[in-house]
Amino acid sequence: MGEPKENIGPLTVDSLLAAARAELRRLSPAEAAVAVARGARLVDTRPHFQRAADGEIRVRSSSNATIWNGVSTLPA
């Protein structure tokens with residue numbers, strides 16, 4: 001994750017998540033499509049109601065299946 005941060009304040013779940021999210025580089029839909037075409041794996045972390053409302057992304061597994069089942073049952 002990079003260099004340790006000075007004065008990050010008390011360690012809470014929210015502060016740890018904020019620090020981790022600050023280091024993520026989010027891809028645009030076009031960038032994600034290129035990355036997948038080059039072999040990257042895309043995991044849709046949205047819950048079912050959001051996927052139903054906003055549309056599906058073609059992926060081999062969703063985070064819900066992976067998290068709740070422990071192992072994805074779909075082929076790699």
Side-chain angles (χ1 to χ4, degrees):
M1 281 180 50
E3 296 294 318
K5 308 285 191 253
E6 298 286 331
N7 298 322
I8 61 171
L11 290 178
T12 65
V13 170
D14 288 336
S15 67
L16 291 171
L17 284 172
R21 287 179 177 140
E23 296 198 18
L24 292 176
R25 181 179 171 278
R26 300 206 182 257
L27 301 178
S28 71
E31 291 171 320
V34 169
V36 169
R38 292 181 178 164
R41 290 192 180 206
L42 178 67
V43 177
D44 190 347
T45 61
R46 300 173 300 155
H48 182 279
F49 76 90
Q50 285 181 327
R51 292 192 313 267
D54 299 332
E56 294 284 334
I57 299 171
R58 290 188 164 254
V59 295
R60 293 178 186 254
S61 66
S62 72
S63 65
N64 289 343
T66 303
I67 291 168
W68 293 110
N69 296 331
V71 175
S72 175
T73 57
L74 298 173

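In this text, all values refer to a predicted model and were calculated from it rather than measured experimentally.
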Enquirer: Which pair of non-hydrogen atoms, one from Leu27 and one from Ala35, has the smallest distance, and what is that distance?
Expert: CD1-CB, 4.3 Å
Enquirer: Please enumerate all residues that pass side-chain hydrogen bond (donor to acceptor under 3.5 Å, both in side chains) together with Arg25, with sequence neighbours excluded.
Expert: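 With sequence neighbours excluded, Arg25 shows a side-chain hydrogen bond (donor to acceptor under 3.5 Å, both in side chains) to Glu31, given in chain and number order.
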Enquirer: Mind checking what makes side chain to side chain contact (heavy atoms under 4.5 Å, CB included) contact with Ala18, not counting sequence neighbours?
Expert: none
Enquirer: Quick one: name the residues clustered hydrophobically with Leu17, using the 4.5 Å side-chain heavy-atom rule over I, L, V, M, F, W, Y, and just say none if it's on its own.
Expert: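 For the cluster that includes Leu17, the remaining residues are Val13.
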Enquirer: Using the salt bridge (Lys or Arg N to Asp or Glu O under 4.0 Å) criterion, which residues pair with Arg26? Sequence neighbours excluded.
Expert: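 Salt bridge (Lys or Arg N to Asp or Glu O under 4.0 Å) check on Arg26 returns nothing, list empty.
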Enquirer: Any pair with a residue in residues 11-22 that passes salt bridge (charged side-chain N to carboxylate O under 4.0 Å, His left out), sequence neighbours left out, goes on the list, sorted by first then second residue, please.
Expert: none
